[in-house]
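Numbers here simply count residues along the sequence, with the first being 1. The figures here come from the full heavy-atom set of this structure, side chains too, leaving out hydrogens, waters and symmetry mates.
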Amino acid sequence: MEFVDLRSDTVTKPTEEMRDAARNAKVGDDVWGDDPTAQELEAYAADLLGKEEAMFVSSGTMGNIVPILSLTRPGDQVLLEAESHTYNYEVGGISALAGAIPKLIHSEYGNITSEQISNAILPENVHFPETTLLCLENTHSRHGGIALSPSEIAGPSQTAHDYGLKVHLDGARLFNAVIHHEVDVKEYTKHVDTVQICLSKGLSAPIGSIVASDEETMKIARKKRKMLGGGMRQVGIIAAPGLVALKTMRDRLKEDHDTARALSSGFKSLGFKIVEPQTNILVIYTDGIFEDVNEGVKFFEELNIGVAPFGLNKIRLTTHRHITKEVVAEVLDRVSNSGKIR
Ligand SMILES: *Cc1c(COP(=O)(O)O)cnc(C)c1O
């Protein structure tokens with residue numbers, strides 16, 4: 001019984017084309033600014049995202065902390081959605097590294113409102129921290145891969161800008177939102193000052209993310225990346241598969257949304273309560289089926305299916321390039337034949 005890995009879309013292996021691209025990449029020393037492949041990737045990404053400049057970084061986590069470091073000063077207040085990846089899964093870097101104080105805003109599915117933003121910004125007073133940055137996330141991971149629409153990014157960004165804040169978009173899976181809403185990615189990025197996208201999730205590159213912004217911000221961002229130890233030398237070796245990912249793997253994300261939907265209707269008919277998937281993330285509830293989340297994860301482990309615990313009573317299943325329709329059918333077979341369900 002072969003292992004089916006639904007833990008995350010980060011488990012995707014590079015394609016043959018990516019391996020060839022890595023093998024054949026022209027390289028230089030990127031800290032000296034002369035790695036042609038990194039430059040090609042960065043120029044392509046900047047153009048695609050509609051920003052003046054882009055920069056390759058080692059991970060999505062670095063892709064978030066670099067803009068935060070670039071746009072805030074220690075002691076500043078940063079507005080974040082309560083379930084955001086940056087607050088929950090980035091080891092507290094926003095405070096430990098940037099010295100910022102997070103102010104959490106609760107929302108139904110990542111859709112912070114303009115009113116919440118104006119209420120969270122403190123008036124000028126000798127006691128108060130400066131509020132300088134709003135962080136948004138799309139698709140929203142902990143809310144189950146919900147894809148915010150361009151207007152759900154535009155509204156809060158406009159309000160933040162009206163108050164003089166900058167806006168960073170954690171777009172680890174931004175192209176999943178692009179596919180879901182059938183819009184150009186610039187319909188999102190034009191509203192924000194900085195954006196981060198992951199190459200290593202559904203796009204299947206082995207390593208890396210992109211940070212994009214205006215020239216002035218990126219000049220600061222390059223120094224912050226260097227400070228974090230993210231200045232890399234013959235980086236073309238890993239930038240080359242990233243370029244293949246960005247050029248050729250965006251459209252196929254639709255397949256991952258289709259398999260997530262197939263998986264969700266299967267789990268529904270097996271009696272599971274689910275969060276209806278919009279993109280490639282399916283959240284199922286353990287209530288009424290398993291004692292708790294640990295028992296749920298163990299149940300899948302015994303069927304040789306990897307899943308991710310997701311809070312106290314939820315399990316996350318993420319579809320990706322290796323999860324074909326046939327694999328979905330196999331997963332549902334294993335679950336329904338387990339003897340445990342119904
Ligand atoms: C995965 C993810 C990140 C971090 O990316 P890493 O490459 O794992 O550091 C950031 N934000 C969101 C929303 C993510 O899903």
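Between R173 and D9, at least one side-chain N (NZ, or NE/NH1/NH2) sits under 4.0 Å from a carboxylate O, which counts as a salt bridge. Using a cutoff of 4.0 Å between basic side-chain nitrogens and carboxylate oxygens, K51 and D47 are not scored as salt-bridged. Classification of D258 and R261 as a salt-bridged pair holds, one side-chain N sitting under 4.0 Å from a carboxylate O.
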Report all side-chain donor-acceptor pairs from residues 120-131 shorter than 3.5 Å, counting only partners two or more places apart or in another chain.
{"from": "N125", "atom 1": "OD1", "to": "H127", "atom 2": "N", "distance (Å)": "2.8"}
{"from": "N125", "atom 1": "OD1", "to": "H127", "atom 2": "ND1", "distance (Å)": "2.6"}
{"from": "T131", "atom 1": "OG1", "to": "Q77", "atom 2": "NE2", "distance (Å)": "2.9"}

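Listed by chain and number, the residues in a salt bridge (Lys or Arg N to Asp or Glu O under 4.0 Å) with E276 are K268 (sequence neighbours excluded). With sequence neighbours left out, the side chain to side chain donor-acceptor pair (under 3.5 Å) criterion links H140 to E81. Applying the ring-ring contact (aromatic ring centres under 6.0 Å, His included) rule to Y87 yields no partners; only residues at least two apart in sequence or on another chain are considered. With sequence neighbours excluded, the residues that form a salt bridge (Lys or Arg N to Asp or Glu O under 4.0 Å) with E40 are K247.
No donor-acceptor pair closer than 3.5 Å links the side chain of S200 to the backbone N or O of T10. Under the 3.5 Å distance criterion, the side-chain polar atoms of T15 are matched with a main-chain donor or acceptor of M18.
At most 12 non-hydrogen atoms from other residues, nucleotides or ligands lie less than 6.0 angstrom from CD of E115. In the displayed structure, R252 atom CZ is contacted under 6.0 Å by more than 12 heavy atoms of other residues, nucleotides or ligands. Heavy-atom neighbours of R334 CZ from other residues, nucleotides or ligands within 6.0 Å: above the threshold of 12. For NZ of K186, the number of neighbouring non-hydrogen atoms (other residues, nucleotides, ligands) closer than 6.0 Å is greater than 12.
E137 and H85 make their closest contact through OE1-N, 2.7 Å (heavy atoms, listed as atom of the first residue, atom of the second, distance). For the residue pair I68 and A98, the shortest heavy atom distance occurs at CG2-CB, 3.7 Å. Closest non-hydrogen pair, L97 versus L69, comes out as O-CD2, 3.5 Å. Nearest heavy atoms, S204 versus T12: CA-OG1, 3.4 Å. The minimum heavy-atom distance between G60 and C198, with the atom names listed, is CA-SG, 3.8 Å. Smallest separation of non-hydrogen atoms from V183 and V178: O-CG1, 3.0 Å.
Using a 4.5 Å cut-off on side-chain heavy atoms (C-beta onward), T286 and F272 make no contact. In this structure, the side chains of V235 and V27 stay at 4.5 Å or more apart for every pair of heavy atoms. With contacts defined as side-chain heavy-atom distances shorter than 4.5 Å, the pair L80/K103 does not qualify. Considering only heavy atoms from C-beta on, K273 stays 4.5 Å or farther from F267 through its side chain. Residues V195 and S213 form no side-chain contact, since every pair of their non-hydrogen atoms from C-beta on lies 4.5 Å or further apart. Counting heavy atoms from C-beta outward, T139 and I146 have side chains that stay 4.5 Å or more apart. Side chains of T217 and L71 form a contact here, defined as non-hydrogen atoms less than 4.5 Å apart. Using a 4.5 Å heavy-atom threshold, the side chains of L253 and D256 count as touching.
Partner of N176 under the side-chain hydrogen bond (donor to acceptor under 3.5 Å, both in side chains) criterion, out of K254, Q278, R250, H257: H257 alone.
Applying the salt bridge (charged side-chain N to carboxylate O under 4.0 Å, His left out) rule to pairs touching residues 279-300 yields E295-K340, K298-E302, sequence neighbours excluded. Counting only residues at least two apart or on different chains, no ring-ring contact (aromatic ring centres under 6.0 Å, His included) pair has a member in residues 207-230. Within the structure, salt bridge (charged side-chain N to carboxylate O under 4.0 Å, His left out) contacts touching residues 201-220 (residues at least two apart or in different chains) do not occur. Within the structure, ring-ring contact (aromatic ring centres under 6.0 Å, His included) contacts touching residues 148-173 (residues at least two apart or in different chains) do not occur. Within the structure, no pair that satisfies the ring-ring contact (aromatic ring centres under 6.0 Å, His included) test touches residues 175-220, not counting sequence neighbours.
Donor-acceptor pairing under 3.5 Å is lacking for the side chains of N304 and E2. Side-chain atoms of D35 and Q39 include no donor-acceptor pair closer than 3.5 Å. Between the side chains of S151 and S149, at least one donor N or O sits under 3.5 Å from an acceptor N or O. In this model, no donor atom of one side chain and acceptor atom of the other lie less than 3.5 Å apart for N111 and E152.
Distance check, rounded to the nearest 0.5 Å: CD of Q234 to NZ of K26 gives 15.0 Å. Rounding to the nearest 0.5 angstrom, the gap separating the CD1 atom in I105 from the CD1 atom in I117 is 5.5 Å. Taking CD of E255 as the reference point, atom CG of N280 lies at 12.0 Å (rounded to 0.5 Å). Atoms OG and CE, from S70 and M218 in turn, are 7.5 Å apart once rounded to the nearest 0.5 Å. Taking OG1 from T159 and CG from L165, the interatomic distance works out to 10.0 Å, rounded to the nearest 0.5 Å. Taken from CD1 in I112 to CG in L148, the straight-line distance is 9.0 Å, to the nearest 0.5 Å.
Cluster membership for I207 and M55, using ILVMFWY side-chain heavy atoms within less than 4.5 angstrom, is not shared. L41 and I197 fall within a single hydrophobic cluster, where Ile, Leu, Val, Met, Phe, Trp and Tyr are joined by side-chain heavy atoms under 4.5 Å apart, directly or via other members. One hydrophobic cluster holds both Y44 and M249 under the rule that ILVMFWY side chains link at heavy-atom gaps under 4.5 Å. Taking hydrophobic clusters as Ile, Leu, Val, Met, Phe, Trp and Tyr residues chained together by side-chain heavy-atom distances below 4.5 Å, L174 shares a cluster with L203. At a threshold of 4.5 Å between side-chain heavy atoms, the hydrophobic network of Ile, Leu, Val, Met, Phe, Trp and Tyr places L48 and V57 in two separate groups.
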Practice item. Kindly indicate, with the supporting measurements, whether the criterion side-chain contact (heavy atoms from CB on, under 4.5 Å) is fulfilled by F56 and D30. Key: CA-CA 10 Å; F56 185 65; D30 190 50; over 6 Å; no
Exercise for review: Quick one: do E83 and N88 satisfy side-chain hydrogen bond (donor to acceptor under 3.5 Å, both in side chains)? Show the steps, please.
Suggested key: CA-CA 7 Å; E83 300 298 325; N88 287 281; 4.6 Å; no
Check your understanding: Can you check side-chain contact (heavy atoms from CB on, under 4.5 Å) on T324 and V327, steps first, answer last?
Key -> CA-CA 5 Å; T324 59; V327 176; 3.3 Å; yes
Check your understanding: Under the side-chain contact (heavy atoms from CB on, under 4.5 Å) criterion, do L6 and T318 qualify, and how do the steps go?
Key -> CA-CA 5 Å; L6 292 164; T318 307; 5.8 Å; no
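Here I101 is tied to no hydrophobic group at all, with no ILVMFWY side chain closer than 4.5 Å. Taking a 4.5 Å side-chain heavy-atom cut-off between Ile, Leu, Val, Met, Phe, Trp and Tyr, the cluster of V283 extends to Y89, V275, I281, Y285, F310.
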